[in-house]
Amino acid sequence: MSYEIDGIRCMQMRGGSSKGAYFLSDDLPADPDERDDLLLRIMGSPDERQIDGLGGGHPLTSKVAVLSPSSTGDADVDYLFLQVVPDRATVTDAQTCGNLLAGVGPFAVERGLVAVAGEITDVRIRIMNPTTSFATARVRTPDGRVRYDGDTVMAGTPFPAAPIELEFPGGDAPVFPTGRLVDRFARIEVTCVHAGMPVLLVRATDLDIDGTELPETLEANETLRSRVEAVRREAGPALGLGDVRNTTVPKITIVSPPRHGGTVTTRTFIPHRVHSAIGVLGAVSVAAGVLAPGTVASMAAEGGLVRIEHPTGSFDVHLELDGDGPATRVRTSAVVRTARKLSDGLVWPRSGKALP
Ligand code: NQM
């Protein structure tokens with residue numbers, strides 16, 4: 001069988017405020033290098049516009065989810081996330097993606113990995129990378145099928161759809177991976193936080209910006225970009241991530257006081273483009289930094305609800321923390337997303353090799 005001649009089974013979905021290609025792992029090569037080469041050719045990388053593939057020319061529309069039945073009794077499916085970099089021949093498993101995670105439950109039901117359980121089907125997901133963690137997705141499944149239409153409006157997408165609740169159990173991992181609530185990198189005070197995504201929190205005022213600028217304004221600000229990158233590069237080793245020049249983590253979230261009745265205003269570098277909203281696990285991590293006293297982002301929040309303002313609206317994170325200071329842990333967190341099946345069928349990769 002030839003992928004170039006026969007095509008590969010693929011479903012495209014909007015997951016949260018991102019978009020990607022979803023595959024069963026059996027439909028892709030088992031060898032990771034071969035798989036990544038194929039994904040670059042499917043998505044149209046390396047090319048800023050990804051004109052010859054499915055990718056949309058932005059990190060948020062150049063994502064891949066690979067699913068398989070779970071080999072652990074604790075989950076129904078295993079979810080591997082791969083970021084395909086639009087303008088470089090790079091596929092990285094250095095992070096997961098909570099937005100694409102919103103499509104994992106529906107995709108698992110669509111492909112028969114999980115049987116419909118009634119009006120709502122809970123899909124227990126093992127997140128495989130960068131380290132193992134778990135999530136439960138509640139998928140609307142009336143009449144034995146996934147229901148995508150609904151009334152839930154989610155900032156980052158203009159159209160309402162059926163809600164998908166995502167719950168994340170807590171764990172033993174420290175929320176503040178450097179063991180400090182405030183560090184200093186490239187002469188700027190930073191809180192390093194990790195509740196599913198490594199994020200560096202920095203005050204807007206410390207970067208000489210207001211914190212409400214549009215993503216394109218921030219991306220055009222060369223001085224700001226180089227300061228943000230300097231912070232990231234110094235922080236990488238302190239977070240145990242080593243040299244982060246060529247990786248998509250850590251993210252940098254610039255925080256300032258809320259402007260629209262929420263808890264905090266954010267602008268997030270992911271890490272070289274600015275997010276049009278905020279990532280899901282990125283938001284959970286930011287919320288942990290906001291709820292804990294003594295960080296650069298500590299703000300007042302009522303009843304464990306952190307409303308994160310971002311460029312296209314706001315994102316609610318329900319979060320409970322245990323312990324305090326460097327001993328802080330997440331007890332549980334939950335968010336609501338939506339997802340939608342966009343296409344299902346075969347995709348043809350361009351021929352040749354993408355990787356040298
Ligand atoms: O943080 C973008 C997204 C993400 C990641 C990024 C995400 C998450 O919005 O869980 O969802 O930060 O690269 O898709």
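Just so it is clear, the values below take in all heavy atoms, side chains as well, and ignore hydrogens, waters and symmetry mates.
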- Taking salt bridge (charged side-chain N to carboxylate O under 4.0 Å, His left out) as the test, write out the residues that go with Arg233, two or more places apart. Glu229
- Message: With ring pair (Phe, Tyr, Trp, His ring centres under 6.0 Å) as the rule and sequence neighbours excluded, what pairs involving residues 104-127 come up?
- Response: Tyr22-Phe107
- Query: Between Arg203 and Asp208, is there a salt bridge with N-O shorter than 4.0 Å?
  - Reply: no
- Message: Please enumerate all residues that pass salt bridge (charged side-chain N to carboxylate O under 4.0 Å, His left out) together with Asp183, with sequence neighbours excluded.
- Response: Arg180
- Query: Is there side-chain contact between Lys63 and Leu82, with heavy atoms separated by less than 4.5 Å?
  - Reply: no
- Query: So, the side chain of Ser62 versus the backbone of Val84: is there a donor-acceptor pair under 3.5 Å, distance only?
  - Reply: yes
- Does the Arg232 side chain pair with the main chain of Pro250, one donor and one acceptor, at a distance under 3.5 Å? yes
- Contact check, side chains of Glu34 and Asp37, non-hydrogen atoms, under 4.5 Å: no
- 4.5 Å side-chain heavy-atom contact, Leu101 and Ile127: yes
- Below 4.5 Å, heavy atoms only, C-beta onward: do Leu28 and Leu38 meet side chain to side chain? yes
- Task: State whether the side chain of Asn129 and the backbone N or O of Gln95 hold a donor-acceptor pair below 3.5 Å, judged by distance alone.
- Result: yes
- Is there a path from Leu80 to Val249 through hydrophobic residues (I, L, V, M, F, W, Y) whose side chains come within less than 4.5 Å of each other? no
- Query: Do Arg138 and Asp122 meet the salt-bridge criterion of a basic N to acidic O distance under 4.0 Å?
  - Reply: yes
- Mark yes or no for whether Ser298, through its side chain, and Gly294, through its backbone, hold a donor-acceptor pair below 3.5 Å. yes
- Query: Which heavy atom in Ser70 sits nearest to a heavy atom in Arg126, and how many Å separate them?
  - Reply: OG-NE, 3.8 Å
- Task: Would you please name every residue forming a salt bridge (charged side-chain N to carboxylate O under 4.0 Å, His left out) with Arg340, sequence neighbours left out?
- Result: none
- Looking at Arg41, Lys353, Arg350, which one forms a salt bridge (charged side-chain N to carboxylate O under 4.0 Å, His left out) with Glu4? Arg41
- Task: Go through the steps for Arg259 and Ser256 under the test side-chain hydrogen bond (donor to acceptor under 3.5 Å, both in side chains), then give the verdict.
- Result: CA-CA 9 Å; Arg259 310 309 205 281; Ser256 61; 2.7 Å; yes
- Query: Who are the side-chain hydrogen bond (donor to acceptor under 3.5 Å, both in side chains) partners of Arg273, not counting sequence neighbours?
  - Reply: Glu219
- Task: Return the set of residues passing salt bridge (charged side-chain N to carboxylate O under 4.0 Å, His left out) with Asp26 (not counting sequence neighbours), or none when no residue passes.
- Result: none
- Message: Main chain of Leu181, side chain of Thr191: is a donor-acceptor contact present, judged purely on distance under 3.5 Å?
- Response: yes
- Item | Backbone of Arg145 reached by a side-chain donor or acceptor of Asp143 within 3.5 Å | no
- Query: Salt bridge check: are Arg140 and Glu119 linked by an N-O gap of less than 4.0 Å?
  - Reply: no
- Leu54 versus Cys10: any side-chain heavy-atom pair under 4.5 Å? yes
- Note on the structure: All heavy atoms of Asp206 vs all of Arg227, minimum pair found to be O-NH2, 3.1 Å
- Message: Show the nearest heavy-atom pair for residues Leu201 and Val255, with the distance to one decimal.
- Response: CD2-CG1, 4.2 Å
